[in-house]
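Let me begin by presenting the structure, written as structure tokens, before commenting on it.
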Amino acid sequence: MGNLQPKMKEILYLEIPTPDTAAVRNWLQTKFQPGTYDKLLTSDGIRLKSSDTTPAVVDVTEKLPNELSVFVWNVQRTTYLKVFRWSDRFPQETQILRNLTYQIRDRFPHHYSAPPTIDLSKKSIFEALAPYYPLTVKYFQKMPNGEYDLNRAYWWEQRWREGVRNPQEPKQVIFSHSSPLPLSSSFPTYDLIYIGGALGVIHAAVMARLGYKVLLVERLPFGKMNREWNISRLEIQSLVNLGLLTSSEVESIIAREYKDGFNKFFDAYIPNKLKAPILHTPTVLNIALDSEKLLALCGEKLRAAGGDIWDETEFIKADIDTSQVVLTVKELREQTSKQVSGRLLVDAMGTASPIAWQLNPKRAFDSVCPTVGAVVESGFAPEVWDSKYGDVLNSHGDISRGRQLIWELFPGENEELTIYLFHYHQVNPENPGSLLEMYEDFFAILPEYRRCDMDKLVWKKPTFGYIPGHFSVGSRDRTVAFNRLIAIGDAASLQSPLVFTGFGSLVRNLERLTQLLDTALKHDLLSAKDLNQIRAFQNNIAVTWMFSKGMMVPTGKFIPPERINAMLNNFFGLLADEPLEVADNFIKDRFNLSTFNRLALKAAKKNPALLLWIWQLAGAKDLLRWVGNYIDFTRHSIVSAVFGKWFGKIIPQMQPKLESRFPGLWLRLLAMNYALSAGKAVNNDKLPVKSYQLEAKS
């Protein structure tokens, strides 16, 4: 026993939601009152010394010091605090820790910043925001269209906040009329009018090539993107299967194809049994697309098929009667209003859509990923990153100011790297989630994530947006349609809980949405009841929204800083132990009930506390909702297993007689067939799949 050495033990770990670590350290040293214990100042905090001379270990001649070491440090623009204890015990330790935790959280509570209200008629966006977001202004000034893009980011955040702030009484932009509207002979008339030119133009081009007269309305200059897109070969193949792109055109828009993609979460402070190796996903998001080239190509095909594009034109309102939609828009260049009519309006405006908020008051979106980043042309040292690999999901620290920050990194053309920073976030009026605050984080902590000299980086453009999520209880709990109106993409919360945004989900479901919409238009089935069947709901996605929930820190709540990383390591470690196709199918939402049950049981067995952690994060209400999802998933899986193949075989045989005589029933059966087959696993992601190709109309 004589050679026993003093040993330190961690007894407290806190996240303090402020970047001002000096203020926290100063508070510890000057304001915190530890009671009767001696407080000794250190460079990073304090030491608490007890006068208790009782030996820490019985029969040990060399007494261990009775001290607590309290220190703070900064990473991710966040302050963290730890307390270590020498020896086996410290007098009144529990009371001291409780008192320290209470006092420091009272002094440094959560603060959810909001952008200032600015008047751009008096100063530029750079001048207006520099006092609040100095790094953001500094690096946007180095981007080719930085002033325009920062204005756009500010506008998007204000639009999102407006929707979150007033979910009970959203702005009315859709007006229904029981009698026919007066229609001027000067109004242009279309079959389909799309609002939103990113995801919108892909679907609009497909429908125009089927013979429909299509108009695309876009607020930005057409083809400008605030995001880059990644996908896999199997998924991009659907654009070929539908006849929108040729195989050579697909190759022309691929900027980079990766050898592998990595998934790794910070694990320095979690139990060893939960630490996970890198999860390799070589066919997840491994194709980096040139998004602007893709949009330009779709725009060309839309125009070649007789469609029109009105860019720099803002949606104002839509008046809908029994036979048409009359759309009022504003030309931003001339600041003039004009009107246009159509048979059907398609909302592709994403989370900025006032239509989505009006159709779903109180619960338009349940979650959101505020996402920021940039495309960097060059400037990273060669040893920082190998362009044959992508970083699909990565965290380099624990909870940061009430958010678990996650990175993505995707090499593009030449030396380009597209980098994103995001977090899963509850929609909350007090805490909507700030793009500008995230950008300040992005520019400050990028060197922590990937070694770089920020002033040597050559910036191409920013990437940002709000990626929405909806925690579905069933296939009809979200309204995606109104009479003569339907939402697609992010506006319909068409998303995946893990890594896919509206783009990936739209492309994966493009055939389904196109065939159903084509059927509805052919038979004038344009009521809300009929159009609400045209959605890309999957029961297996509905049951995995709890994963998203488990990555969110509830507003105003403190949880152990390492908690979310521990949960992510727990689950991704299980996927790393599985055959490659299991992880691939799970992340791409192609898993079945047995796979889900097996992985869930393994996760609970490996970490029995997991259920309690989910309960603490989700709450009783959402857990009960999820139980309903699971029951529905089980029921759907049984029905699909028993009737899916049989139903899929007889549907083509029924079409000739049924569609012409009972078109409404045919649309319902077609939607059911897609629902039964959605989410089926595919074993080889490198081979094209056979797909129903719609025949273009003459």
Side-chain angles (χ1 to χ4, degrees), residues 227-238 254-267 274-289 369 371 373 385-396 404 406-412 417-422 424 449-450 467 495-501 503-505 507-508 538 540-541 544 547-548 550-551 564-565 567-592 595-596 598-600 602-603 679-687 689:
R227 284 187 61 84
E228 293 297 295
W229 286 331
N230 283 70
I231 201 164
S232 71
R233 279 202 174 271
L234 176 66
E235 290 156 332
I236 201 68
Q237 180 68 29
S238 66
I254 294 177
R256 176 81 66 174
E257 184 168 6
Y258 314 137
K259 181 178 179 180
D260 197 0
F262 305 136
N263 301 264
K264 186 71 183 82
F265 301 97
F266 187 65
D267 61 9
L274 297 183
K275 293 184 179 182
I278 292 174
L279 172 64
H280 296 268
T281 51
T283 55
V284 172
L285 303 181
N286 63 309
I287 301 293
L289 301 180
C369 286
T371 303
W385 198 258
D386 187 329
S387 60
K388 294 192 291 291
Y389 301 92
D391 219 351
V392 180
L393 294 170
N394 178 286
S395 65
H396 81 274
Q404 178 59 65
I406 299 175
W407 295 90
E408 292 180 308
L409 183 153
F410 300 114
L417 291 179
T418 300
I419 306 172
Y420 300 108
L421 178 66
F422 70 95
Y424 289 85
Y449 165 58
R450 293 296 167 212
I467 303 170
Q495 52 87 50
S496 168
L498 290 176
V499 297
F500 288 96
T501 62
F503 171 70
S505 295
V507 171
R508 280 185 287 164
Q538 288 181 214
N540 58 351
I541 292 181
T544 56
F547 289 102
S548 300
M551 289 185 263
I564 292 176
N565 274 322
M567 295 173 69
L568 289 169
N569 272 274
N570 187 178
F571 182 71
F572 276 75
L574 296 179
L575 291 180
D577 292 337
E578 294 284 332
L580 187 61
E581 62 268 18
V582 173
D584 189 82
N585 285 329
F586 199 96
I587 293 176
K588 292 178 179 175
D589 303 320
R590 299 193 304 228
F591 60 91
N592 57 28
T595 299
F596 179 84
R598 183 170 56 80
L599 291 175
K602 286 180 67 176
K680 297 293 186 182
V682 179
N683 291 324
N684 194 333
D685 204 10
K686 296 183 179 180
L687 295 177
V689 293

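- Looking at D577 and K602, no side-chain N of the basic residue comes within less than 4.0 Å of a carboxylate O on the acidic one, giving no salt bridge.
- Listed by chain and residue number, K388 satisfy the salt bridge (charged side-chain N to carboxylate O under 4.0 Å, His left out) test with D386 (two or more places apart in sequence, or in another chain).
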Original post:
For I287 and R233, what are the C-alpha separation, side-chain angles and deciding distance, and is it a side chain to side chain contact (heavy atoms under 4.5 Å, CB included)?
Top reply: CA-CA 7 Å; I287 301 293; R233 279 202 174 271; 3.8 Å; yes
**OP:** Would you sort out whether D584 and R590 count as a side chain to side chain contact (heavy atoms under 4.5 Å, CB included), showing the intermediate values?
**Re:** CA-CA 8 Å; D584 189 82; R590 299 193 304 228; 3.1 Å; yes
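- Atoms CG and CG, on L421 and L409 in that order, are 12.0 Å from each other to the nearest 0.5 Å.
- For the pair L393 and E408, the minimum side-chain heavy-atom distance is below 4.5 Å.
- Under the ring-ring contact (aromatic ring centres under 6.0 Å, His included) test applied with W229, the options F410, F503, Y420 reduce to a single match, F503.
- Contact between E235 and S232 at its shortest, heavy atoms only, is OE1-OG, 2.8 Å.
- We find the CG-CZ distance between N230 and R256 to be 12.0 Å, quoted to the nearest 0.5 Å.
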Subject >> T595/N592 under side chain to side chain donor-acceptor pair (under 3.5 Å): CA gap, chis, key distance, verdict >> reply: CA-CA 5 Å; T595 299; N592 57 28; 2.9 Å; yes
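- Considering all non-hydrogen atoms of both residues, P411 and G390 come closest at CD-CA, 4.1 Å.
- Aromatic ring orientation, W385 versus F262: perpendicular (interplanar angle above 60°, classes split at 30° and 60°).
- Taking the side chain as every heavy atom from C-beta outward, K588 and L234 never approach each other to under 4.5 Å.
- Between S395 and N565, some side-chain heavy-atom pair lies under the 4.5 Å cut-off.
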Original post:
Is there a side chain to side chain donor-acceptor pair (under 3.5 Å) between N263 and T281 once you walk through the steps?
Top reply: CA-CA 8 Å; N263 301 264; T281 51; 3.0 Å; yes
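- Ring planes of Y449 and H396: tilted class, angle from 30 to 60°.
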**OP:** For salt bridge (charged side-chain N to carboxylate O under 4.0 Å, His left out), just list the numbers for D391 and R450, CA-CA rounded to whole Å, side-chain angles, deciding distance to a tenth of an Å, and then say yes or no.
**Re:** CA-CA 11 Å; D391 219 351; R450 293 296 167 212; 2.7 Å; yes
**OP:** Show your working on side chain to side chain contact (heavy atoms under 4.5 Å, CB included) between F265 and I564 and close with a plain yes or no.
**Re:** CA-CA 9 Å; F265 301 97; I564 292 176; over 6 Å; no
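- Between H280 atom NE2 and L575 atom CG the span is 13.0 Å, to the nearest 0.5 Å.
- Expressed to the nearest 0.5 Å, how far CG of N286 lies from CD1 of I254 amounts to 9.0 Å.
- Closest non-hydrogen pair, L279 versus A583, comes out as CD1-CB, 4.0 Å.
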**OP:** Go through E578 and R598 one step at a time and tell me if the side chain to side chain contact (heavy atoms under 4.5 Å, CB included) criterion holds.
**Re:** CA-CA 11 Å; E578 294 284 332; R598 183 170 56 80; 2.7 Å; yes
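- Y424 and I406 get closest at one heavy-atom pair: CE1-CD1, 4.1 Å.
- Note that the CZ atom of F586 and the CD atom of E581 stand 14.5 Å from one another [nearest 0.5 Å].
- One distance of note links CG of L574 with CG of L599; it measures 6.5 Å at 0.5 Å rounding.
- Summarising the geometry of A576 relative to P277, their closest heavy-atom pair is CB-CG, 3.9 Å, with the distance given to 0.1 Å.
- A donor-acceptor pair is defined here as one N or O able to donate and one able to accept, closer than 3.5 Å; no such pair exists between the side chain of T371 and the backbone of F422.
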